[in-house]
Amino acid sequence: MREKKLLTGNEAVARGAWEAGLVFASAYPGTPSTEILEALAGYGDDLYAEWAPNEKVAVEAAIGASMAGVRSMAAMKHVGVNVAADPLFTFAYTGVTGGMVLVSADDPGLHSSQNEQDNRNYAKAAKLLMLEPSDSAEAKAFMKLGLDLSERFDTPVLLRMTTRVCHSKSLVELEERKPVPSIPYVKNIAKYVATPQNARVMRKNLIGRYADELAYANGEAVEIGVNRIEWAASGTGDAENDGTGGGQAGEHIGVLTAGVSYQYARDVFGDGASYLKLGMTYPMPIALVREFAEKVDKLYVIEELEPYMESALLEAGIACIGKEVIPEWDELNTDIVRQSVFGKQPQTLASDILPIPRPPSLCAGCPHRGFFYALSKRKNVMITGDIGCYTLGSAPPLSAIDSCFCMGGSISTGHGAAKAFAEIGADTRVVSVIGDSTFFHSGVTSLMDVAYNAGNNTTVIMDNRITAMTGQQENPGTGRTLSGAPAPEVDIPGLCIALGIKKENIRIINPLDLAASNAALDAAFSAQGASVIITRWPCALKKFSAADKSEFDLARKICEIDQDKCTKCKMCVKTGCPAIRSGEQVVIDALTCTGCTVCKQVCSFGAISIKE
Amino acid sequence: MNSDSVTAILLVGVGGQGTILASQILSEGFVRAGYDVKMSEIHGMSQRGGSVSTQIRYGTKVYSPIIGRGEADVIVAFEKMEALRWIEYLKPDGKMIINDYEIPSVPILTGAEQYPEGILGDLAARADVSVLRAADIADEVGNARVMNIVLLGAAVKALTAAQPETMAGIVWEEIIRATVKPAFIDVNIKAFAAGQAAG
């Protein structure tokens, strides 16, 4: 018997890629997709995996590897596909040489995202064959199938995951790696050069391919169980149902579902209902759905977010109940499905005492806190923000971020705002805050815009020496690659100068030093033209490298409050540090304090000192 | 319904308390006992001092990887206020193990809110509750960071009492050995035993 192991969906995708002979993988970290590449890196010499600076680069690199004749993949969170959409849509036209799978990890419920967009719509818009696993075993199997189908139908394949598939563990049978011979490179201009003349032909091929894929979805995909009907336990589908599927006595309930929603539907509707469980959701196997729909009395469509499958049924004139009862927002669970369909509330316990909310916050010792504190005291300032831990600077008591849209957006949003303020004669200053990894991702072109078009917003590059939010990944500024190999570090000030920012308008500071933070802001606000402040200090959660230890004073210290001197003015509390607690006395928790001294610097009474 | 043959365990706490490691060890135990197991965890932003949960469901066949309200057979609350937050997920006849330990959230730290009083008494009056001071026990064992394994020990004790046949063949010490870093095996095994004794 093969070994069975508990794997997360992400680990299973990596395992599937390895087993299927994958050679090249690239990704930009983003919850809930990050661990796919981390797991792939563990397969060492069998394949090559890298962190790309952004998702577009990752997809383009995977396209190149496919053209070179090997199996490749790119992985990203749902919003990353927006960044990668440009090459992706044309890659759907050209098709592949070696199989290529794009993993999109969607985040219904916004556990760690700025929106909950439903990337199944990308499959439809770009005409990408799409597979949706519902657990880890399928995540592995569909990754392998995806690479096969990519080569067979000459198309990139979208493997659409969601948070609960990515981050749930379930049992997976482990198999061995089957190396796939590489396909010799042959120059093929008509296939890969998407000039209008060639792309017109490609477009026709794309439409033609759809018919073959559709036939597969209705036929072979059913034979191998990727699209499958599970008839009610009490009969073959024509038989009368005992009603435990939730219908009236004698009513045969059918459920069309895919992805993790299948798991919730099975728990709610039970063995008395019949299921059409789709693993392949683009093309939508409408003939199969129609056949299923004709054999049931009432058809429910259980899917998270958009009415993606339901819309296909409505277009085909198949009656169903979907979003009229199932919410279009948040992730689903058994509770929501049961309540939405049957109006049943579970029996629960409740307390009269209400818990206080526990929002996430910047860690104790977070280097962003000092700079945000200084920034929060500035008046008549618009602060455009970006995607990363530092977005938590928007939370009270700091409240030092006014906007957050997308990766890299802070600088260009700030540029537009500053230009608009100038045009209308407003004297509001604009500060754009962005992390190191986010700057490399897509902030560089925005800063180029600021320099090129004589902008005057202040860009703050918060360089905490790591990609922190997603759990400490290396990036082009850290000096290490995904596999830990040494790499050149991006010279951030040098890069800013190369983009056209004046050298005298660039300052590098320790963000935990409030005087330095204030001096940098004063200088930036009085500078002519665009300015850059680089705040350089490692993340408090980082495993410090030898280079970190030699550059920064990272010796652990603890701050403590002299209660005789403390006037309970609570200035230190207003830094929002989770190590400081305000009660009858204001105290610092010695276990969580890192001795960053931001509280000590804001205390006007000399009540806080460092205990070495 | 299918869920009747499934046991659901919810571990709740605050980001950084080690709920994931404890859940991994529990899940591995159920796998070794021959069950179908699903475990769900949350990564990313909420880990930054936010409220976190890991969820385990095991049985002959498990569908949903997550637990609905009123469905948890056992809840292990690594922090007192989190016990309060998740009480509606407990089956009315379920068991709750509460670590008598407070981690104030930001609105409490800043003085905007007060840490609620009387949580343990209130919950004990409504549900089958066991309380332990896992932080003190971890300190006695010699490392404050093994608080999660103390709570794991208490959870295993409660599960063994409820399902003696299921739990009989699982050698937890072996799984702990295989899961934690070699330098910390002994202290974790001591913590597990102390948690079982206290649970």
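All values reported here derive from a predicted model rather than from experimental measurement.
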Does any heavy atom of chain B fall under 4.5 Å from the side chain of [X], the backbone, both, or neither of them?
X: A:L354; result: backbone
X: A:D352; result: both
X: A:L332; result: backbone
X: A:P32; result: neither
X: A:C166; result: neither
X: A:V260; result: side chain

Could you look at [X] and say if it's the side chain, the backbone, both or neither that has a heavy atom under 4.5 Å from chain A?
X: B:P104; result: both
X: B:E113; result: side chain
X: B:I103; result: both
X: B:Q24; result: side chain
X: B:L123; result: side chain

Would you say [X] and [Y] make side-chain contact, with heavy atoms under 4.5 Å?
X: A:T348; Y: B:P92; answer: no
X: B:E79; Y: A:R358; answer: yes
X: A:R581; Y: B:I108; answer: yes
X: A:R164; Y: B:I66; answer: yes

Inset, instruction - Tell me the residues of residues 140-167 of chain B whose non-hydrogen atoms fall below 4.5 Å from those of chain A, in number order. - result: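 Residues qualifying by a heavy atom under 4.5 Å from chain A are absent, so none.
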
Inset, instruction - Sort by residue number and list every member of residues 31-40 of chain B having a non-hydrogen atom under 4.5 Å from chain A. - result: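 So far as heavy atoms go, B:V31, B:Y35, B:D36, B:V37, B:K38, B:M39, B:S40 are the residues that approach chain A to under 4.5 Å.
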
Identify the heavy atoms of [X] and [Y] that sit nearest to each other, and give their distance.
X: A:L349; Y: B:A127; answer: CD1-CB, 3.7 Å
X: B:S64; Y: A:T334; answer: CB-CG2, 3.9 Å
X: A:A350; Y: B:R126; answer: O-NH1, 2.9 Å
X: A:V573; Y: B:L109; answer: CG1-O, 3.8 Å
X: A:S351; Y: B:I87; answer: N-CG2, 4.3 Å
X: B:E28; Y: A:L6; answer: N-CD1, 4.3 Å

Inset, instruction - Determine, for A:R338 against B:E71, whether the closest basic-nitrogen to carboxylate-oxygen distance falls under 4.0 angstrom. - result: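 So A:R338 pairs with B:E71 through a salt bridge.
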
Inset, instruction - State plainly whether the residues A:K169 and B:E41 are in salt-bridge range, i.e. N to O under 4.0 Å. - result: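 Looking at B:E41 together with A:K169, the answer is no, because their closest N to O distance does not fall below 4.0 Å.
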
Inset, instruction - Flag the one option from A:C577, A:A579, A:P359, A:P396 with the top tally of heavy-atom pairs under 4.5 Å to chain B. - result: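 Looking at each option in turn, the highest pair count goes to A:P359.
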
Legend entry - Max heavy-atom pair count under 4.5 Å with chain B, selected residue of A:A364, A:G9, A:P357: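 Looking at each of A:A364, A:G9, A:P357 in turn, A:P357 comes out on top.
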
Inset, instruction - Nearest 0.5 Å please: distance from the CD atom of A:Q263 over to the OH atom of B:Y63. - result: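 Nearest 0.5 Å value for the CD-OH distance: 8.0 Å.
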
Legend entry - A:Q339 side chain to B:R69 side chain, donor-acceptor N/O pair below 3.5 angstrom: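 The answer is yes; a qualifying pair exists.
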
